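For reference, the structure discussed in these notes is given below.
Computed from a predicted model, the values in this text were never measured in an experiment.
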Amino acid sequence: MTTQTQEQPPTVSRLPIWLMVILPLVLLAGLIALFAATNPINVSTADLPPIEDLTIQRINVTTTGFEIHVVNGGPDPVEISQVLVDDAYWQFFISPDRTLDRLESAVITMDYPWVETEPHEIVLITSTGVTFNGTVEIAAETPRPAGAQLLAYALVGVYIGIIPVGLGLMWYPAMRRLTQRGMSFILSLTVGLLVFLLIDTLLESFEVAALLPAVYQGVPLSLFSALLTWLAITAIGSRGAVADRSSPKGRMFVALLIAIGIGFHNLGEGLVVGAAFALGEAALGSFLVIGFILHNVTEGIGIAAPVTRDRPRIGWFLLMLLIAGAPAIAGTLIGAFAFSPFLAVLFLGIGAGAIWQVIYEVTLLMKQNAERDNDTLINWVTVAGLLAGIGIMYVTAFLTKF
């Protein structure tokens, strides 16, 4: 005769749950405080020099000289003792103080007889003799917010955002007359241009991330903001009537996602372009404006492609135009007058996440159309459209690089 042993229920602590949650955190805080107070490695590091890491985020050219924005991204305080301009020492004023604590920012101003369109090299020297370099590539007075300047830079945003998207949307009536094969080509062309925008947006975010202090982790910031944006849009798109991509509401939701993704890309593009123009790194010529129009005109095609089977009202098209194109105006103004590498990396990362989700949504729409027509998703029409979209964006990008 076998004896069966009855399992005893696990013992449950009688401590309240809030105490069980807080207790490890209290012990962790005590451990950190103990380490900071005793600092057992201080014996081996007492005689080492401080770790200094200054980042020059922006150099404004004023009527009388330069205005240098710096941030201390290192773990130790940094004292700026001297400033060299073109291999000569110059007097300067720094606000709020010469000594910058960790993550503290300061603005250095100085009088200097700069020469228009000429480059100037600026070197910051700390109290320990460490140097940090910054360059004014082409000296030109940095614009200040004023009526004429605001209007001029807003107009640049209209040229690179509103006009191209609007021109692309004007092809909507013609797209409605295309055959199913023709629409498959247009949708795959949309995927192609979005793939190019995705890569371009990520590369831009990595480039701007180099301007951030290392402590801000610019590249991870861009990638994680892209990931979170993708997950957020996926969660929103899986709810309600928009979850069915074959319905009119579902197709209009896909078009809205395309407009949002393009809008974030144009915002980041405006930030970079506005900052480049303001710092004198690019000449605003007619060839550049035409280049941006050609480069971005297919964005409107991409927005209109999912809804060719529907009849949206004119107000809907105007709303899509504002969502996709207007951020370029905001980006250009911010880039010209208040450029922030941190915000630029964040917005470009959000744009990349939105564009990635749009690529998935358009591909899913193409798959549903192919199944409805007893066709394959990948065929010579869709491959040709994909290559055409990437090729158009690549070729026209030659006109926008400066």
State, to 0.1 Å, how close Met175 and Ala304 come at their nearest heavy-atom pair, and which atoms those are. CE-C, 4.0 Å
Applying side chain to side chain contact (heavy atoms under 4.5 Å, CB included), run through Glu104 and Thr99 and close with a yes or a no. CA-CA 9 Å; Glu104 185 178 3; Thr99 301; over 6 Å; no
For residues 20-30, tabulate all N or O donor-acceptor pairs below 3.5 Å that involve a side-chain atom, not counting sequence neighbours.
none

CZ-CG distance between Arg181 and Asn379, expressed to the nearest 0.5 angstrom: 5.0 Å
Phe132 meets the ring pair (Phe, Tyr, Trp, His ring centres under 6.0 Å) criterion, sequence neighbours left out, with none
I'd like a table of donor-acceptor pairs (distance under 3.5 Å, sequence neighbours excluded) in which one partner is a side-chain atom from residues 162-173, with atom names and distances.
unit_1	atom_1	unit_2	atom_2	d
Tyr172	OH	Arg176	NH1	3.3
Tyr172	OH	Val307	O	3.4
Tyr172	OH	Asp310	O	2.4

Rounded to the nearest 0.5 Å, what separation is found between the CD1 atom of Ile303 and the CD1 atom of Ile258? 7.5 Å
Take atom CG of Asn133 as the centre, draw a 6.0 Å sphere, and report whether it contains more than 12 heavy atoms from other residues, nucleotides or ligands. yes
Show your working on side chain to side chain contact (heavy atoms under 4.5 Å, CB included) between Ile122 and Ile108 and close with a plain yes or no. CA-CA 11 Å; Ile122 298 174; Ile108 302 170; over 6 Å; no
Let me confirm one number: the CD1-NE2 distance from Ile56 to His69, rounded to the nearest 0.5 Å. 11.5 Å
Applying side chain to side chain contact (heavy atoms under 4.5 Å, CB included) to Glu207 and not counting sequence neighbours gives none
Looking at residues at least two apart in the chain, or sitting in another chain, which of them share a side chain to side chain contact (heavy atoms under 4.5 Å, CB included) with Ile260? Leu256, Phe264, Ile323
Using the salt bridge (Lys or Arg N to Asp or Glu O under 4.0 Å) criterion, which residues pair with Glu371? Sequence neighbours excluded. Lys367
Report the C-alpha separation of Glu121 and Asp87 in whole Å, then their side-chain angles, then the decisive distance to 0.1 Å, and conclude whether the side chain to side chain contact (heavy atoms under 4.5 Å, CB included) test is met. CA-CA 8 Å; Glu121 184 74 19; Asp87 297 324; over 6 Å; no
Would you give the length of the straight line joining atom CG of Leu189 to atom CD1 of Ile392, rounded to the nearest 0.5 angstrom? 5.0 Å
When you look at Leu343 and Ile334, which way does the side chain to side chain contact (heavy atoms under 4.5 Å, CB included) test go after all the steps? CA-CA 10 Å; Leu343 290 179; Ile334 295 172; 5.7 Å; no
Asp97: what forms a side chain to side chain donor-acceptor pair (under 3.5 Å) with it, not counting sequence neighbours? none
Heavy atoms of Ile359 and Leu198 approach each other most closely as CD1-CD2, 4.0 Å
With Phe66, which of Val85, Thr109, Val83 fulfils side-chain contact (heavy atoms from CB on, under 4.5 Å)? Val85
Residues which pass ring pair (Phe, Tyr, Trp, His ring centres under 6.0 Å) with Trp316, listed by chain and number, not counting sequence neighbours: none
Closest approach of Trp114 to Val61 (non-hydrogen atoms, all atoms of both residues): CE2-CG1, 3.3 Å
What pairs with Tyr89 under ring pair (Phe, Tyr, Trp, His ring centres under 6.0 Å), at least two apart in sequence or on another chain? none
When every non-hydrogen atom of Ile301 is compared with those of Thr190, the smallest separation belongs to O-OG1, 4.4 Å
Could you report the tightest heavy-atom contact between Gly218 and Val345, atom names first, then the distance? O-CG1, 3.4 Å
Where is the tightest heavy-atom contact between Arg251 and Pro306, given as atom of each residue plus distance? CD-O, 3.3 Å
Mind checking side chain to side chain contact (heavy atoms under 4.5 Å, CB included) for Leu223 and listing every partner two or more places apart, or none if nothing turns up? Leu202, Phe206, Val219
Inter-residue atom distance Glu299.CD - His265.NE2, 0.5 Å rounding: 7.0 Å
Using only heavy-atom distances, determine whether the side chains of Gln357 and Thr234 contain a donor-acceptor pair under 3.5 Å. yes
So OG1 of Thr201 and CZ of Phe196: to nearest 0.5 Å the spacing works out to 9.5 Å
Just jot down the salt bridge (Lys or Arg N to Asp or Glu O under 4.0 Å) partners of Asp111, sequence neighbours excluded, or say none. none
Mind checking what makes side chain to side chain contact (heavy atoms under 4.5 Å, CB included) contact with Ile378, not counting sequence neighbours? Val383
